[in-house]
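Report on the structure given below.
Chain letters run A, B, ... following the sequence lines, proteins first and then strands; every chain starts at 1.
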Amino acid sequence: MSDANLQVAAATAPKTQKQRGLWSDAFHDLRKRPTVIISSFVILVILLIAFFPGLFNFHDQNVKYCDLGLTRGAPSGQHWFGFDEFGCDYYAQAIYGAGPSIQLAVIVVTVTIIIGGFMGVLAGFYGGWVDAIFSRVVDVFNSIPFLLGAVMLLTMFRDVQVPLIGGRLQAIIPAAITLIIFGWTSTMRLIRASVIESRGLDYVQAARSLGASDMRIMFRHILPNAMAPVVSLIPLSIASMISVEATLSFIGLGVRAPEITWGMMISSGAPYFTSGFPRLLIVPSAFLIATVLSFVLLGDAIRDALDPKLR
Amino acid sequence: MTEVKVKSEILPDADPMATLLRVEDLRVEFHTRDGIAKAVNGASFSVDNGETLAIVGESGSGKSVTSQAIMGILESPPAKVAGGRVLFRNVDLLTLSKERARRVRGNHVAMVFQDALSALNPVWTVGFQLSELFRQHRGMSKKDAMKRSLELLDLVKIPAAAQRLREYPHQFSGGMRQRVMIAMALALDPDLLIADEPTTALDVTVQAQIMRLLKEIQLERNMGLILITHDLGVVADVADKISVMYAGRIVEQAPVLDTFATPAHPYTKALLKSIPRLDTKGQRLEIIKGLPPVLTDLPPGCNFAPRCAYAQEICTRELPLLATVAADRAAACHFSSEVIRDV
Amino acid sequence: MGRYVIRRLLQTVVTFGVVMFLLHYLTTLAIQINGNPVRTFFGDKPVSDSVLAATKAKFNLDDPCLTRVGDPCMGIFQKRMGDWFLRGDFGTNFKQVDVMESILKAIPVTLQLFLIVTIVWILFGITAGTWAALRRGKFIDYFVRIGTTLTVAVPGFLLLLIVQKVVGVLLGNWARDTFGRESVLGIIFQPSYNAKYAWLTLLIPGIVLGVFGIAGITRLSRTSMLENLRSDFVRTAKAKGLKPTRVTIVHTLRNSLIPVVTLIGFSLAEALGGALITEGIYNIPGMGKLAYDAIKTVDTPVIIAVTAISAIIYMLVNLLIDLLYAVLDPRIRYE
């Protein structure tokens, strides 16, 4: 910024001595924006659908109840979205289809943030050869295109059962592990960059000169500071993982049967789009787009709000 | 529009007998989210050939904004020139067409910036950035332009100039880089040179060299020089006149020696007092209490009143205008005569 | 500069080696866990042990280390690397068709597709981002920002499906009815690839595939441009009295494009993955389609080969881009 503008900006800083701080400012800013309000609302609804699908089961539809005789049936009062090609209630499918992919996304994002965060902090803080090794590892994983790597792993280990878990988890975990394996690198890079920036800050030097141990500096001082970009990363990552999972489901490699996901619904519904039953594609697409869009809008809004350069 | 490549045709109405630069009542506003910041509130001063005017003030006083307004490079929005005239040999630069104003830059008025490392483009060689001026403004061929660039580097005393032309800014030391900036400013023989804190980013020893270089060149070419700085030491060495700015206004104007000996404004006096001196060992450093005013919210009276040792009731009510207090001297204070008398 | 080049080369070689080992390890691990795939060659037919043993030997699946879960099988690794790189032999797929042959046949089409993608990135991405920065706050700026958000919000495969149906079928039928089957629009708006009109039918899928990675490129161009517009050296350029166009292009844009070039290299990874879906949906006989089909038939050798080759291409492209970066940004050369 040209120094003339900077000086003017400095001179117009509000007289009030009370500094609200980056987080508080951001929160107050976000609260007022319509996109944030709507996205948050939609996300809340989707999360409810994902974790408590029973709440939305208004007509007591049993998702496993399919009557081939009702194949591709039209919507009606009891069955809002009609039936799919196997005669299963489409509304129920859409509702129960939310859970697996969203839970998967949440698991993946949580684990990648923990792993990526841990590695990012170590690499960023110590630098030198520690950083070099981590960076090489990141390079290796990055060199395998995400989707191809995921496809490869999921195909090769297609029938493998993970021991000790069952049901929903069994359906989700293989895909989750794959996404974690190929997805941790972006989190790591982001946090590492953030840590490197915070490392040079004066108060870190001050803490060090007071004899604080490395661990303490890393976790009490640097990490809170480096968290800002991560916060906006969470909804964006979730959006991305939902998207990827849907893609994998579409080609048959995502969440495993007997669970349903929107990706699978899209896959089976697509051929009917131009032959008279567009609803079979539109319904899951709408859910998917609405979900991903909300997370993206929220993530973008948070990122903009926390970016000090834009204040 | 045909390219005007001949310098004398850029400002055909310029009067060679008139003062080189006369700024009259310049006002610049910044439209920000928090309101309108009055960065410059009626600044008036002048510089003539061979003269050196120092504009002194703290950060936020409006000195850089003033110089950029003269050059016409303020970003508008958010900046806006709200009034006043900038008369270059009686031609108001503010009323020129964009194209003509652009031609004036570099040819008649040139600027040297503070931090040469960020002020020079990192991806082009120094030679490129110098010869660019000749190729664009004078239509010279690449070869001729490079030759002239070489001469320029010699002028600012950069050794091994031929090799240096092919190098990049980050390969130069701080002092050398600043010389490159000066060379760039002098390329087209400007009549007026504005140096905005040219030595602030440099070591003290290098500072002296650069200032000496500037002075030499100024004398050789009989250029007008406006030196913007907050360093009073440099001012004492180099300037003929001084204008002290505070909160966008000129609060004192006088020949340098007069100002230093008997300041006529409390702010100037306080500034001079706060310079650490070798012969007053063991005494507390003087500071100016308080903070500069918020430019979006200027008080009605004198801007310096809250921090002024001479302030009286009238100061918070009535804005003191810049008024003559002696021959060639002006100050904006209700009590300037008192200030002059107190030693 | 020399040191930089050597350093990057070494890094690439090391990364390359580790990637290849990783792929190998995953493959052997899969065999170790899933069991020897030799059996699947014969479907449900009963097979004598000697025939099994012979087949195993033929396909190098007889190494005892394949029964030990976790064993990195260095011997096989060496052999595999030799096969891959000294002989270009990636084995055969389940139908006994040579994998390398299939890939070589498929690559040209994928390259054509990627050419269109790159043009889309540069023509639309960089231009839009730069324009939005120059006209900050005006309509084009909002349009670009909303546009990039939307491209991220709709998953790639979904966009492809929708475009295929709406543009390829619905719009295409209209075009073919109105202008004739052989009309330009009629050909472009196809729901699938047609070898007779390769470039024209690749246009739409190429554009959509380009949309996959365009958000990042557009935004970075915009951000980079905005930063540089406020920089000191642009102010100097203006103070030199240079023409505004020159200031924008020679000084501002020239600096803004540096990080964008790197991003294009990274975006290639997304595009390589996206190609799988694109070629699958649009029936384009490229490398992606090979992998897409291989998923259904669980034809592992093909998938591994495509992944390995994609990784190699990606590493090479990024190496080139890093070298290009040094050309564009002199500061890097002297690190």
Side-chain angles (χ1 to χ4, degrees), chain A residues 1-5 35 132 135-137 139-160 236 239-240 242-248 250-253 262-263 266-267 270 273-274 278 281 284-285 288-297 299-300 309, chain C residues 11-12 14-16 18-19 22-23 26-27 29-31 33-34 145 149-150 152-158 161-162 164-166 169-170 191 227 230-232 235 266 268-274 276-277 280-281 291-292 294-296 298-300 303-304 306-308 310-312 314-315 318:
Chain A
M1 203 189 220
S2 69
D3 40 39
N5 288 345
T35 47
S135 295
R136 288 293 74 68
V137 173
D139 275 349
V140 166
F141 279 94
N142 269 347
S143 301
I144 305 177
F146 192 106
L147 199 63
L148 286 176
V151 162
M152 191 182 76
L153 272 188
L154 288 168
T155 315
M156 290 197 308
F157 296 96
R158 176 169 222 152
D159 301 314
V160 174
L236 289 173
S240 167
I242 295 178
S243 198
V244 169
E245 193 286 321
T247 313
L248 288 172
F250 174 73
I251 43 183
L253 288 176
W262 295 325
I266 292 175
S267 174
F273 185 73
T274 46
L281 176 61
S285 304
L288 185 59
I289 295 180
T291 310
V292 175
L293 184 61
S294 306
F295 277 105
V296 165
L297 285 177
D300 271 353
K309 282 188 271 196
Chain C
Q11 279 176 3
T12 309
V14 169
T15 311
F16 177 80
V18 179
V19 170
L22 193 62
L23 288 175
L26 287 171
T27 319
L29 196 64
I31 296 180
I33 292 184
N34 285 330
R145 277 197 278 176
T149 307
L150 285 178
V152 180
V154 181
F157 77 96
L158 192 53
L161 274 179
I162 295 177
Q164 185 189 39
K165 306 277 178 223
V166 172
V169 179
L170 297 178
E227 258 179 47
R230 297 187 301 202
S231 65
D232 286 347
R235 188 181 54 178
F266 285 150
L268 190 64
E270 259 189 80
L272 281 168
L276 188 154
I277 308 277
I281 293 181
Y292 187 80
I295 296 175
K296 298 208 180 12
V298 196
D299 201 337
T300 332
I303 297 183
I304 295 173
V306 170
T307 309
S310 298
I312 295 171
Y314 178 74
M315 284 188 271
N318 268 287

What are the two closest non-hydrogen atoms of [X] and [Y], and how far apart are they?
| X | Y | answer |
| --- | --- | --- |
| G273(C) | L147(A) | O-CD2, 3.3 Å |
| A153(C) | L293(A) | CB-CD1, 3.2 Å |
| M315(C) | S143(A) | CG-OG, 3.6 Å |
| M152(A) | I303(C) | CA-CG2, 3.8 Å |
| I277(C) | F157(C) | CG2-CB, 3.5 Å |
| P155(C) | S243(A) | CB-OG, 3.1 Å |

Under 4.5 Å from any heavy atom of chain A, what part of [X] do you find: side chain, backbone, both or neither?
| X | result |
| --- | --- |
| I295(C) | both |
| F266(C) | side chain |
| L272(C) | both |
| V152(C) | both |
| L268(C) | neither |
| L276(C) | side chain |

> In terms of heavy-atom pairs under 4.5 Å, which option from T247(A), D139(A), I266(A), V151(A) contacts chain C the most?
Replying inline: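 If we count pairs closer than 4.5 Å to chain C, T247(A) comes out on top.
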> Out of F295(A), F273(A), F250(A), which one racks up the most heavy-atom pairs below 4.5 Å with chain C?
Replying inline: F250(A)
Quick one: pull up [atom1] in [X] and [atom2] in [Y] and give me the separation to the nearest 0.5 Å.
| X | Y | atom1 | atom2 | answer |
| --- | --- | --- | --- | --- |
| R235(C) | D232(C) | CZ | CG | 4.5 Å |
| L161(C) | L281(A) | CG | CG | 6.5 Å |
| D299(C) | T155(A) | CG | OG1 | 10.0 Å |

Can you say whether [X] sits under 4.5 Å from chain C via the side chain, the backbone, both, or neither, judging by heavy atoms?
| X | value |
| --- | --- |
| L153(A) | side chain |
| V296(A) | side chain |
| A239(A) | neither |
| L253(A) | side chain |

>> Which one wins on heavy-atom pair count under 4.5 Å against chain A: L158(C), V18(C), V306(C), V154(C)?
In response: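 Heavy-atom pair counts peak at L158(C).
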